[in-house]
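First comes the structure, then the notes that go with it.
Residue numbering restarts at 1 for every chain, and letters A, B, ... go by the order of the sequence lines.
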Protein chains: 2
Amino acid sequence: MSISKRDELVQKALKIFYRDGFHATGMDTLVKETGISKTSMYKHFRTKEDLILATLRLRDELFRNYFIRRVEELASDPKEQLHVMFDVLKEWFEQKDFRGCMFVKASGEYPDHDTAILNTAAEHKKLLLQFVTDLARKAGARDPELLARQLMILKEGAAVLAHIKGPDGIADDARMAGDDLINSHCA
Amino acid sequence: MSISKRDELVQKALKIFYRDGFHATGMDTLVKETGISKTSMYKHFRTKEDLILATLRLRDELFRNYFIRRVEELASDPKEQLHVMFDVLKEWFEQKDFRGCMFVKASGEYPDHDTAILNTAAEHKKLLLQFVTDLARKAGARDPELLARQLMILKEGAAVLAHIKGPDGIADDARMAGDDLINSHCA
DNA sequence: ACATAAATGTACCGATCAGTACATGTTATT
DNA sequence: AATAACATGTACTGATCGGTACATTTATGT
């Protein structure tokens, strides 16, 4: 089946792009490491950028599924779910192949405004924000939109620093800051 | 003088790397855009990576000088200086060529642990953290190290999101979160 | 004026870049 | 067994990659 071949390519390319970066990964490298011929790649994707966009869409799906599922596994009360977000982040940071947020990497390599890749990154951030805003609203926050945006700022900062300085303690620092914010919004 | 030529190269390369990225900028592009011959470049820097490291060292110096100077211009009381950090960030985000933190971009393109570029990024974050920790201590925070780390998490997250989603409102959200943290640490 | 050093232009190196052409295999359906 | 669609390997394109060779020009110090 052609669809599963396509998915296999996107899955494998995702790992390689995440590990090595986008510009640093050539199409010939993808051929070597995926075992999928270049001809097949260009049958499914017109350009390298199209392939990158497909990997970002898959990443968005995988990451949000993982994040939301783990939050819901660790707590059922909405306010408690806001708190355990940072425990889920800690799990993520401690994965041995953690290299920061893939969308932050993509936006660093393709920084021009109003381009497909940066817009995809913005869309990912927007979808995550919506999930957190819903939790904040259910938790009875005075300003759920503001609280959610603030918690997302903590999440992004923690992810960046966990990659640059190593994961030790960062998620705990962010968790404590998040606790303060959540409690002062849900008095 | 050779030293000023070298500095001129580093200054111009810094702008181009920041605008377009590291892998995306070839040495021939630097020749074209700086007007400095490739021969001269390779007399001052053995490799492209050496040039990148020099631009990062310059960026560290320029950014910390700017950040610290502006904080001290906007407030003299240490606790107040912690607050106005976020106003300085807002200024930075609203610069028209703002594209996020250069060290975050560098760590995204060169993500391997224990390499010179990632270590330089970590050093930059460490130096900024020291400045904020000193302020937190002078402000009488109960746990100045923790408060400083938390404020730095807010700073990184705000910078990332200001680039991906645009600067509107982000610095204000981070400022309000910072206000909460500072006040609860300096009761 | 002369010597030394710095900076230059140009042409080149082998390797890799994204992307294509084309002929050959493989697989499934009929 | 025949056909059609998919997948393959290989070889190629022109452009660009990081880096070098070398001869020439420019500027400085005495």
Give the rounded distance in Å between these two atoms: [atom1] of [X] and [atom2] of [N].
X: M41(A); N: dT20(C); atom1: CE; atom2: C1'; answer: 15 Å
X: L9(B); N: dT8(C); atom1: CG; atom2: C1'; answer: 14 Å
X: K32(A); N: dG9(D); atom1: NZ; atom2: P; answer: 13 Å
X: R6(A); N: dC6(D); atom1: CZ; atom2: P; answer: 14 Å
X: K43(A); N: dA21(C); atom1: NZ; atom2: P; answer: 11 Å

Original post:
Does a donor on one side chain and an acceptor on the other come within less than 3.5 Å for E91(A) and Y66(A)?
Top reply: yes
Show each protein N/O and nucleotides 13-19 of chain C N/O combination with a separation under 3.5 Å, one pair to a line.
unit_1	atom_1	unit_2	atom_2	d
dA18(C)	OP1	K48(A)	NZ	2.4
dA18(C)	OP2	M27(A)	N	2.7
dG19(C)	OP2	Y42(A)	OH	3.1
dG19(C)	OP2	K48(A)	N	2.7
dG19(C)	N7	K38(A)	NZ	3.1
dG19(C)	O6	K38(A)	NZ	2.6

Original post:
Under a single-linkage rule joining Ile, Leu, Val, Met, Phe, Trp and Tyr whose side-chain heavy atoms are separated by less than 4.5 Å, which residues share a cluster with M176(A)?
Top reply: L146(B)
Original post:
Members other than L127(B) in its cluster, when Ile, Leu, Val, Met, Phe, Trp, Tyr link by side-chain heavy atoms under 4.5 Å?
Top reply: none
Subject >> Strand contacts (DNA chain D) in residues 105-117 of chain B, 4.0 angstrom heavy-atom criterion >> reply: none
Taking only distance into account, with no hydrogens and no angle test, what donor-acceptor pairs under 3.5 Å do side-chain atoms of residues 162-172 of chain B form with protein atoms, sequence neighbours excluded?
unit_1	atom_1	unit_2	atom_2	d
H163(B)	NE2	P111(A)	O	3.3
D172(B)	OD1	K90(B)	NZ	3.2
D172(B)	OD2	K90(B)	NZ	3.3

Original post:
Between D97(B) and K15(B), is any pair of side-chain heavy atoms under 4.5 Å apart?
Top reply: no
Original post:
Any side-chain heavy atom of F17(B) sitting closer than 4.5 Å to one from M102(B)?
Top reply: yes
Original post:
Sub-3.5 Å donor-acceptor pair from the side chain of T34(B) to the main-chain atoms of L30(B), do we have one?
Top reply: yes
Original post:
Does T39(B) make a side-chain N or O approach to OP1 or OP2 of dA7(C) shorter than 4.0 Å?
Top reply: no
**OP:** Tell me whether the OP1 or OP2 atom of dT8(D) has a side-chain N or O from S40(A) closer than 4.0 Å.
**Re:** yes
Subject >> Inter- and intrachain pairs under salt bridge (charged side-chain N to carboxylate O under 4.0 Å, His left out), touching residues 175-187 of chain A, at least two apart >> reply: D87(A)-R175(A), R175(A)-D179(A)
